Each structure stands twice: as structure tokens, then as C-alpha cells.
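Structure record follows, encoded as C-alpha cells.
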Amino acid sequence: MSFTVAIVGRPNVGKSTLFNRLVGKKLALVDDTPGVTRDRRPGDARLMGLTFTIIDTAGLEEADEESLQGRMRAQTEAAIDEADLSLFVVDAKNGLTPVDTALAEMLRRRGKPVVLVANKSEARGSDSGFYDAYTLGLGEPTPISAEHGQGMLDLRDAIVEAIGKDRAYAKEDVAVTDVDIIETADEGEGEDEEPAYDDTKPLRVAIVGRPNAGKSTLINRFLGEDRLLTGPEAGITRDSISVEWDWRGRTIKMFDTAGMRRKARVIEKLEKLSVADALRAIRFAETVVIVFDATIPFEKQDLQIVDLVLREGRAAVLAFNKWDMIEDRQAVLADLREKTDRLLPQARGIRAVPISGQTGWGLDKLMQSIIDTDRVWNKRISTARLNRWLETQQIQHPPPAVSGRRIKLKYMTQVKARPPAFMISCTRSDALPESYTRYLINGLRNDFDMPSVPIRIHFRSPDNPFEGKKRRT
């Protein structure tokens with residue numbers, strides 16, 4: 001049975017840097033600005049033969065319970081209660097503060113094992129801060145440098161001593177990560193069968209949208225607990241946080257992301273890092289839910305986010321949140337449908353669901369729309385059916401003639417799914433107009449029931465063996 005370790009400490013002592021060092025990847029955002037981390041983030045750690053779950057937490061500060069810092073503190077305390085061991089990180093370079101003393105007292109009251117970690121011990125003048133750490137009454141501090149990877153062997157030994165050898169080296173049945181996102185390879189090219197949709201496979205879903213659209217509140221409602229930090233302040237979420245839960249027997253891995261503002265407004269380095277993390281979550285998700293604020297929908301940024309998701313080839317679902325604040329729901333719903341069709345022509349047939357993350361209204365319908373959209377995103381069509389369809393399309397609407405010779409579409413096959421992509425062999429592929437490509441894409445959507453997902457068609461002309469050769473006279 002594995003064990004869980006929480007990294008705690010005041011802001012800017014290097015907790016996220018240590019987290020990234022232990023998981024072996026730059027998953028948590030790191031910046032010189034204090035208080036970058038706000039939500040608790042779990043990950044799979046490996047440390048010289050040890051494997052355990054590590055939780056990165058927000059910096060602990062004394063604050064009112066209702067303030068943002070107070071709510072961040074509550075998230076960190078929840079992580080401490082969940083963990084079997086705490087790594088209490090102090091800054092050896094800058095020394096102790098009264099906050100460190102208060103945190104040490106809080107950890108003692110919890111009665112759980114604590115390893116005192118003196119980070120930044122490689123810095124000049126860090127000796128005094130290291131020896132001051134003895135005054136916290138939590139035993140001998142372990143000197144490390146999270147940034148440079150120094151002292152990791154001593155940290156391993158301290159963890160083993162605190163948790164016990166039997167617990168530390170117990171074999172795990174399954175190694176599961178709650179954070180890392182692994183992109184699965186697309187299916188092989190040119191398969192002729194139409195495989196059945198696997199509704200047991202875990203599904204990765206990213207929740208994106210403008211700041212303060214209610215993304216974290218929506219995920220908390222799905223989970224039935226206050227797992228993610230929420231509040232009236234815009235831009236609370238910074239890291240892309242992964243949570244896992246079951247919906248009707250299927251594992252759903254859902255990623256909360258930072259709110260995405262217009263590029264011109266993103267000036268601070270930290271916000272750029274948050275947006276980059278959100279873009280990474282979009283690229284490695286399967287289905288993306290774009291959360292709109294139903295009280296002010298279809299802002300320019302909303303449309304740009306939808307376009308971004310579709311250009312990345314992800315399956316998209318629209319969620320009109322804060323539906324509990326709408327009075328004339330029928331009129332607003334009709335208006336939203338009209339604007340969706342008019343403003344998002346590239347996403348014809350996209351599923352749009354009114355919801356309330358605050359009350360939980362409409363969440364089952366949203367999840368069903370996510371599953372249905374993912375089913376279409378994974379769809380495969382046999383080559384025989386495609387070629388019969390292509391022949392019919394050419395009869396109904398023949399391709400245009402170029403220089404007096406009509407372009408002929410000869411053969412069609414699906415080269416990949418996720419999203420569906422097709423290859424058509426034809427003459428003069430470079431001369432085929434964009435309008436005819438749109439005609440074929442719309443036909444695929446209608447005839448094979450493929451709404452909302454991106455569809456890509458590639459045209460290829462057969463090689464001419466005589467091209468470039470001089471004609472003999």
C-alpha cells in the first residue's frame with residue numbers, strides 16, 4: 001500500500017519546485033511571485049526507490065476564513081489531513097518567520113509524522129537559517145536544494161525514518177497518477193472495419209473558458225465536495241488541476257484550467273504561464289467543455305476559445321453556466337441557439353447545454369453530451385461506405401472543371417480518428433476550391449451523423465511518372 005505526502009510551508013519557500021523535482025516533470029507552475037500555487041495538486045513521486053503520492057499545496061498564511069488566502073489555507077489543511085506525512089519546507093536562505101513558527105505548532109497539533117526540510121541550503125549564508133530551524137521543535141532539519149536536486153538522498157532517508165521501512169517500501173498494486181496527461185496514439189491508418197465505441201475507457205475532459213465563468217464551481221459540483229478553490233474573485237485558478245471520479249461506472253479525468261483572457265490583456269508572466277498550462281490541457285484532452293457565462297454569453301473571447309479548441313482537433317461541448325440567474329429561460333435559450341448557429345458556423349451541430357454549477361442543474365445532460373461527442377470524435381467509417389458515398393456526392397454536385405477538364409475524385413478512405421480525418425485521391429488536387437471541401441465536410445456531417453467535431457479532408461494527386469521528362473520528337 002502506497003503512502004501520501006503533503007508539501008507544506010509559507011509562500012515562496014520552493015514547495016512547487018520540490019514537487020516538480022519529485023514527480024520528474026514541470027507540472028506545477030513556478031515563479032518568484034509568492035502565492036503562485038492555490039489549489040492542492042497531487043502527483044506520482046519517485047525518490048531513489050521510493051514511490052508515493054505527493055500533494056503540492058498553497059503557502060500557508062494567517063488570514064480570515066472568508067478571504068481568498070483563508071480559503072487557500074483550508075485547502076492546504078485538507079491536504080495535511082489527507083496525507084500520511086508532511087514535508088514542512090522552510091527557507092534556509094532567508095531564515096524563519098513567525099508564520100513558520102505558527103505552522104510548526106499547527107503540524108504538531110495534527111499528530112502526524114513531519115519531516116522538516118530546509119530548502120535553498122546551497123545559498124551563501126544559509127547556515128544560520130538551517131540552524132534556526134532546530135528551534136521549531138520538529139527534529140533535525142534536512143538540508144536540500146529543490147532547484148538543483150541536492151540533498152535528495154538525505155530527504156529519502158528522512159521520509160523512510162518518519163513513515164517506517166515497511167510502509168515506505170511496500171509494493172503497490174497499481175501505479176496511478178492524478179495529474180500527468182498522456183496523449184494516446186491515434187488508431188492506425190486505413191483500417192476498413194468500423195470498431196465499436198469503448199464506453200469503459202477512461203475519458204479525459206478539459207474545462208476551459210473566460211475567467212469567472214464558473215469552471216471550478218462546476219467541477220466541485222460534479223465531485224460533490226469543495227475540491228477546488230472557488231470564489232467571486234476572477235482568475236483564482238492558475239494551475240491546470242486534475243481530478244478523477246466515476247460517472248455511471250466510467251472513469252472521468254477532468255482538468256480545471258485557468259481562465260483565458262484576450263491575448264492583449266495577458267501581460268504578467270504568471271498569467272502567461274497559467275494560459276500556457278491551460279493550452280497544454282486542451283491539447284492532451286479528448287473532449288473540451290467551453291464554459292460560457294449565460295448572463296453575458298458570446299463575448300469575442302468565448303468565440304476565440306471555441307475556435308482554438310476546434311483548430312486543435314478536440315471534441316467540443318458548450319456549457320452555458322449560471323442558468324439559475326436567468327429569468328426568461330425560453331427566450332434566452334432560443335436566442336442562444338440562434339447565436340450559436342450564426343456565430344459558430346465552423347462548429348455546426350455543436351452540442352450546447354444550459355447548466356448551473358451552483359445548483360447542479362443540467363449536469364447529467366452535460367455529461368451525456370460529453371460522452372456522445374466523444375463517441376463521434378472516435379468514429380470510424382469503412383472504406384466501402386465512404387466510396388459509395390463519394391460517388392453519390394459527385395453525381396449530386398460534380399466537382400468543377402479546371403482548364404476545360406473536370407476534376408475527378410477517385411478514391412476515399414479514413415486515415416485516422418480523433419478527430420476524423422479522410423484522404424481523397426483525385427486529379428488536380430491543388431485546383432479544388434475550398435467551397436467544394438466544405439460541401440464534402442457538410443455532407444459527411446449529415447450523412448454519417450457526425451455533428452460538432454472537427455472533420456479534416458486531405459486531397460492527394462497520384463504521382464505522374466512522366467512529369468519532368470522531355471517529350472521525344
Side-chain angles (χ1 to χ4, degrees), residues 1-9 13-30 36-60 75-91 107 110 112-122 138-139 141-182 227 238-244 253 255 277 280-281 284:
M1 182 179 178
S2 180
F3 59 97
T4 302
V5 176
I7 304 177
V8 298
V13 294
K15 298 184 297 300
S16 294
T17 304
L18 178 58
F19 174 87
N20 287 342
R21 172 71 58 183
L22 294 175
V23 299
K25 298 179 182 179
K26 293 182 179 180
L27 296 179
L29 296 185
V30 175
V36 171
T37 303
R38 287 175 172 173
D39 287 289
R40 62 187 194 267
R41 172 194 280 274
D44 280 348
R46 292 182 178 275
L47 180 62
M48 298 181 177
L50 289 185
T51 56
F52 51 94
T53 300
I54 191 79
I55 305 176
D56 188 21
T57 66
L60 282 168
Q75 288 282 323
T76 300
E77 290 180 354
I80 295 171
D81 292 336
E82 177 186 339
D84 303 298
L85 167 74
S86 294
L87 297 182
F88 180 28
V89 183
V90 297
D91 188 336
L107 288 169
R110 288 294 198 280
K112 290 188 173 184
V114 177
V115 171
L116 181 59
V117 179
N119 191 27
K120 307 181 186 180
S121 292
E122 84 288 0
L138 293 173
T142 303
I144 70 164
S145 170
E147 185 173 358
H148 301 291
Q150 298 173 7
M152 293 297 111
L153 180 60
D154 292 336
L155 180 60
R156 191 275 308 269
D157 293 343
I159 291 174
V160 171
E161 184 179 349
I163 202 75
K165 264 191 180 178
D166 293 339
R167 185 76 184 277
Y169 291 106
K171 280 192 175 181
E172 298 181 52
D173 296 329
V174 183
V176 179
T177 175
D178 196 31
V179 174
D180 196 16
I181 315 170
I182 302 174
R227 171 63 181 79
R238 284 175 171 166
D239 289 272
S240 293
I241 303 295
S242 166
V243 295
E244 194 170 297
K253 186 174 284 189
F255 297 90
D277 208 28
R280 179 176 176 271
F284 289 103

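Model, not experiment: these values are computed from the prediction.
- Between P141 and P143, the shortest heavy-atom distance links the atoms O-CD, 3.5 Å.
- Taking all atoms of both residues into account, the shortest heavy-atom contact from R110 to D81 is NE-OD1, 2.7 Å.
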Practice prompt. Verify side-chain contact (heavy atoms from CB on, under 4.5 Å) between L155 and L18, making sure each step is shown before the conclusion.
Written response: CA-CA 11 Å; L155 180 60; L18 178 58; 4.2 Å; yes

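- With hydrogens and angles ignored, the 3.5 Å screen pairs no side-chain donor or acceptor of R46 with any backbone N or O of T51.
- Looking at every heavy atom in both residues, A79 comes nearest to A6 through O-CB, 4.0 Å.
- Atom NZ of residue K15 and atom CD1 of residue I55 lie 14.0 Å apart, to the nearest 0.5 angstrom.
- Contact between G139 and L116 at its shortest, heavy atoms only, is O-CD2, 4.0 Å.
- L22 CG to R156 CZ: the interatomic distance, rounded to the nearest 0.5 Å, is 13.0 Å.
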Worksheet item: Can you check side-chain contact (heavy atoms from CB on, under 4.5 Å) on V117 and V90, steps first, answer last?
Response: CA-CA 6 Å; V117 179; V90 297; over 6 Å; no

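- R280 CZ to F255 CZ: the interatomic distance, rounded to the nearest 0.5 Å, is 8.5 Å.
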Worksheet entry | Verdict with supporting geometry, E122 and S145, side-chain hydrogen bond (donor to acceptor under 3.5 Å, both in side chains) | CA-CA 6 Å; E122 84 288 0; S145 170; 3.2 Å; yes

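- By the side-chain contact (heavy atoms from CB on, under 4.5 Å) test, A78 pairs with R40, sequence neighbours left out.
- Of the options V114, V115, V8, a side-chain contact (heavy atoms from CB on, under 4.5 Å) to L87 is made by V115 and by none of the others.
- Taking each heavy atom of V13 and K120 in turn, the nearest pair found is O-CE, 3.8 Å.
- Once rounded to the nearest 0.5 Å, the distance linking OG of S86 with CG of L138 reads 10.0 Å.
- The distance from atom CZ of R21 to atom CD1 of I7, rounded to the nearest 0.5 Å, is 12.5 Å.
- Distance alone, capped at 3.5 Å, is enough to place a donor-acceptor pair between the D84 side chain and the T4 backbone.
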Item to complete: Please test D56 against S16 for side-chain hydrogen bond (donor to acceptor under 3.5 Å, both in side chains), starting from the C-alpha separation and ending with a verdict.
Response: CA-CA 6 Å; D56 188 21; S16 294; 2.7 Å; yes

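- Here N119 pairs with V89, I144, A146 under the side-chain contact (heavy atoms from CB on, under 4.5 Å) rule; sequence neighbours left out.
- Side-chain contact between L85 and K112: absent, with no pair of heavy atoms (C-beta onward) separated by less than 4.5 Å.
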Discussion item. For F3 and V5: C-alpha separation, side-chain torsions, deciding distance, then whether side-chain contact (heavy atoms from CB on, under 4.5 Å) applies.
Written reply: CA-CA 7 Å; F3 59 97; V5 176; 3.5 Å; yes

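- Around the CD atom of E77, the shell of radius 6.0 Å holds more than 12 heavy atoms that belong to other residues, nucleotides or ligands.
- In this structure, the separation between CE on M152 and CG on D157 is 12.0 Å, given to the nearest 0.5 Å.
- Heavy-atom contacts from other residues, nucleotides or ligands closer than 6.0 Å to CD of E161 number 12 or fewer.
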